[in-house]
Peer 1: 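Let me give you the structure first, and then I'll get to my questions.
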Protein chains: 2
Amino acid sequence: MEHPENHEDYKGLQVNAGVGSQPITNPYRNIRRTRKRELSVNDYVEGIRKGDVSILGRAVTLVESLAESHQAIAQEVIEKCLPYSGNSRRIGITGVPGAGKSTSIDVFGLHVLKNGGKLAVLAIDPSSERTQGSILGDKTRMEKLSQQKDAFIRPSPSAGSLGGVARKTRETIVLCEAAGYDNIFVETVGVGQSETAVHSMVDFFLLIQLAGTGDELQGIKRGIMEMADGIVINKCDGDNVDRAKLAAAQFRNALFLFPPTPSKWKPEVLTYSGYYELGIDLVWDMIDRYFAYVKSTGYFERKRNEQAKYWMMETIDEQLRHNFYNMPEVRALLEQKELRVLNNEQSSFTAAKDVLDCYFQHLRCPEN
Amino acid sequence: MEHPENHEDYKGLQVNAGVGSQPITNPYRNIRRTRKRELSVNDYVEGIRKGDVSILGRAVTLVESLAESHQAIAQEVIEKCLPYSGNSRRIGITGVPGAGKSTSIDVFGLHVLKNGGKLAVLAIDPSSERTQGSILGDKTRMEKLSQQKDAFIRPSPSAGSLGGVARKTRETIVLCEAAGYDNIFVETVGVGQSETAVHSMVDFFLLIQLAGTGDELQGIKRGIMEMADGIVINKCDGDNVDRAKLAAAQFRNALFLFPPTPSKWKPEVLTYSGYYELGIDLVWDMIDRYFAYVKSTGYFERKRNEQAKYWMMETIDEQLRHNFYNMPEVRALLEQKELRVLNNEQSSFTAAKDVLDCYFQHLRCPEN
């Protein structure tokens, strides 16, 4: 018998200390540690397919683990879940800290669940980009949603490169879809590079903005604006209604300057109040319209295909670099060459060539 | 005797038809084709060191050539020029089409040459990003500057990836510096990704903007704004003076929203008129102040070192990808795997792994 919980005795499956167990905000996952036993790949897949939240959560933990043995199981589980994936609306939600993302996702989520179905809320927030408005860990952030049994809320994987974190979120989407979650929200803090990663894994990209904080430019990042399929101005309530409507008009004007989107969908700009739950249905009507539109034009399918290819290429790029920079001979030579380049003794280009030659030679004859 | 000009007979040094000879805008390069003879590496280096514009131009053509034999010579020439390089001010200049870049560079160039020294004007404009405001080929674009014997104007290499084009421009900088050019302008159309490449090869990055074309947001790209060490509003003349001053104020306000620059230099916003040659000296005073500042803080040296390392890493990344995607076995498998991924038969991640395995196995045992 194997007892993976007992780290002292058990050597086959090691739990990497750097990752540990993830905080789970879903109160329905209430498994005592003593009940945990090691699951086979089939146990995982069956549990996920039945919609067992506890097994889904454990599978996601495997996906997020850096241990190779965990990764091996995780990849098998993902592979077996793949045929059951894809059947959801994947919606990216971003906004600068203070825009009211948590409150908004809370009410958007309730709105979605009113029509039945299930909702998974995932997040991408690589630690390097973490700001005061961190989206990690706070279990009370989505108060209403976390009490819904059809909502699965999972914070961002806590460690690793953006590429690594994004891949894990993408694989978690597959697992959630296989578990019957037909609405997936992927949340980011709208201040960094994560948005590109999220954009490449969702169908609809929603940008939450604020009105009139004095500087019209605040938070307007063309890169992110250009990705948005919808821009919604939060806190359109009380004294703030006029300013919110004005901001919406400004955003509409700004969107005119942008080239048409690949989908030919014209991004819409709406106002709402997350706190007072005003205008939520209009926001969601827009998203419904979007899905109807891109499904009718075939863009929905095309984009999903492009995204799948994109992730394959991304993984390849990352692995090629990883392999190169982790060869001891390469690291040693690289250090020398850097010095030569800095002293103007060699050009960046020939120095790179020399290190590449060393790399490929060692790959071919590892004995040298 | 070898006659590289005679493509029919000569087989050793082939001129790649895809590149051809570059248009040279400098009228002082007035060599008849019959006078051209093949030069040795030492001929090139000596000619460049003497400031021979014709030999410098031919060396740049070698750098830009895609033929391997040309590249071999070019790299040797660059290597031998390296110890004489670095002694210049490298200034990146960008702006959206219509901002008046050509006129501005013309008068900026004349202003710089008034103090003696020599000026090289290079450009980066990968064909994929080419717009109506193309910076290629137009010999009359910089009318005044092109008549100055101390100015060397070279259009963008005409073909290739952004990475390739950028590398060639960077290597051309080395040659120009070895030839005694102590001011280097690198121009881009401010609409694409080239700005990042230019930013990573210059000391000072100047952004040319226009005032009040109706939409305040027009052309404000945060990515580019954040790179700028100076923003200058062109066409501050006649009726337009008030609007230009207003735009300058708006840009100054916008800059307050940005985090401090790595150099701690506070980017300045100025107005000028390229056409009427107003305010040129003030723009250049700012640039002088910048260089004095970064040289006093040591940032100048530090940034140059980082750039040299950056280009080495860039070359490595590009070559790793090139090597991978050009292996016939990889290409064949990649095609199959793409299909499987698109049909949800395999995950992007394990598909990538399989292709990577194939690649590394063939590298180790090429016979299989």
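Throughout, protein chains are lettered first and strands after them, A, B, ... in sequence-line order, and every chain is numbered starting at 1. Here the structure is a predicted model, which is why all the values come from computation and not from measurement.
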Peer 1: If we define contacts as heavy-atom pairs under 4.5 Å, which of B:N344, B:L342, B:V174, B:I78 has the most with chain A?
Peer 2: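 Winner by heavy-atom pair count: B:N344.
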
Peer 1: For residues A:L356 and B:Q319, report the shortest heavy-atom separation together with the two atoms involved.
Peer 2: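 Of all heavy-atom pairs spanning A:L356 and B:Q319, the closest is CD1-CB, 3.3 Å.
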
Peer 1: Give a yes or no answer on whether the side chain of B:E338 reaches the backbone of A:K309 with a donor-acceptor pair at less than 3.5 Å.
Peer 2: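 No; judged by distance alone, with no hydrogens or angles, the pair does not exist.
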
Peer 1: Give the member of A:W311, A:F349, A:F360 that has the highest number of heavy-atom pairs under 4.5 Å with chain B.
Peer 2: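 It is A:F349.
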
Peer 1: Sort B:R304 into side chain, backbone, both or neither according to what part of it lies under 4.5 angstrom from a heavy atom of chain A.
Peer 2: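 For B:R304, neither part sits under 4.5 Å from chain A.
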
Peer 1: Below 4.5 Å from any heavy atom of chain A, which atoms of B:R321 appear? Answer side chain, backbone, both or neither.
Peer 2: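 Both backbone and side chain.
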
Peer 1: Chain A heavy atoms under 4.5 Å from B:L82: which part of the residue, side chain, backbone, both or neither?
Peer 2: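 Both backbone and side chain.
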
Peer 1: If I measure from the heavy atoms of chain A, does B:Y359 come under 4.5 Å with its side chain, its backbone, both, or neither?
Peer 2: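 For B:Y359, the side chain is the part near chain A, not the backbone.
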
Peer 1: Pick whichever of A:M313, A:E345, A:E314 has the most heavy-atom pairs under 4.5 Å with chain B.
Peer 2: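 Between A:M313, A:E345, A:E314, the count favours A:M313.
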
Peer 1: Looking at A:I124 and A:M201, what are the two nearest heavy atoms and their distance?
Peer 2: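 For A:I124 and A:M201, the tightest heavy-atom pair comes out as CD1-CE, 3.6 Å.
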
Peer 1: Check whether A:L320 gets within reach of chain B through its side chain, its backbone, both or neither, counting any heavy atom under 4.5 Å.
Peer 2: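 The answer is both parts of A:L320.
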
Peer 1: Give, as side chain, backbone, both or neither, the part of A:Y325 having an atom under 4.5 angstrom from any heavy atom of chain B.
Peer 2: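 Side chain only.
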
Peer 1: When you compare the side chains of B:Q75 and A:T350, does any donor N or O come within less than 3.5 Å of an acceptor on the partner?
Peer 2: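 On atom types as modelled, these side chains do not qualify, holding no pair under 3.5 Å.
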
Peer 1: I want to check something: taking the side chain as every heavy atom from C-beta on, are A:M227 and A:V198 in contact at a cut-off of under 4.5 Å?
Peer 2: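 A side-chain contact under 4.5 Å is absent here.
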
Peer 1: Looking at B:T315, B:N305, B:I316, which one has more heavy-atom pairs under 4.5 Å with chain A than the rest?
Peer 2: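 If we count pairs closer than 4.5 Å to chain A, B:I316 comes out on top.
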
Peer 1: Looking at A:H70 and A:S65, what are the two nearest heavy atoms and their distance?
Peer 2: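 Nearest heavy atoms, A:H70 then A:S65: ND1-OG, 2.6 Å.
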
Peer 1: Hey, is the main chain of A:V269 close enough, under 3.5 Å, to the side chain of A:R252 for a donor-acceptor pair?
Peer 2: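 Yes: the side chain of A:R252 pairs with the backbone of A:V269.
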
Peer 1: Under 4.5 Å heavy-atom distance to chain A, tell me which part of B:E79 shows up: side chain, backbone, both or neither.
Peer 2: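 Just its side chain gets close to chain A.
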
Peer 1: Please rank B:V341, B:D317, B:N343 by heavy-atom pairs under 4.5 Å with chain A and give me the top one.
Peer 2: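 The option with the most such pairs is B:D317.
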
Peer 1: Evaluate the side-chain proximity of A:R302 to A:P262: yes if any heavy-atom separation is below 4.5 Å, no if none is.
Peer 2: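 Of all side-chain heavy-atom pairs linking A:R302 with A:P262, none is under 4.5 Å.
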
Peer 1: With only heavy atoms counted, which part of B:K337 is less than 4.5 Å from chain A, the side chain, the backbone, both or neither?
Peer 2: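 For B:K337, the contact with chain A is made by backbone and side chain together.
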
Peer 1: With a 4.0 Å cut-off, would you call B:E171 and B:R167 a salt bridge?
Peer 2: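 Judged by the 4.0 Å cut-off on N to carboxylate O distance, B:E171 and B:R167 do form a salt bridge.
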
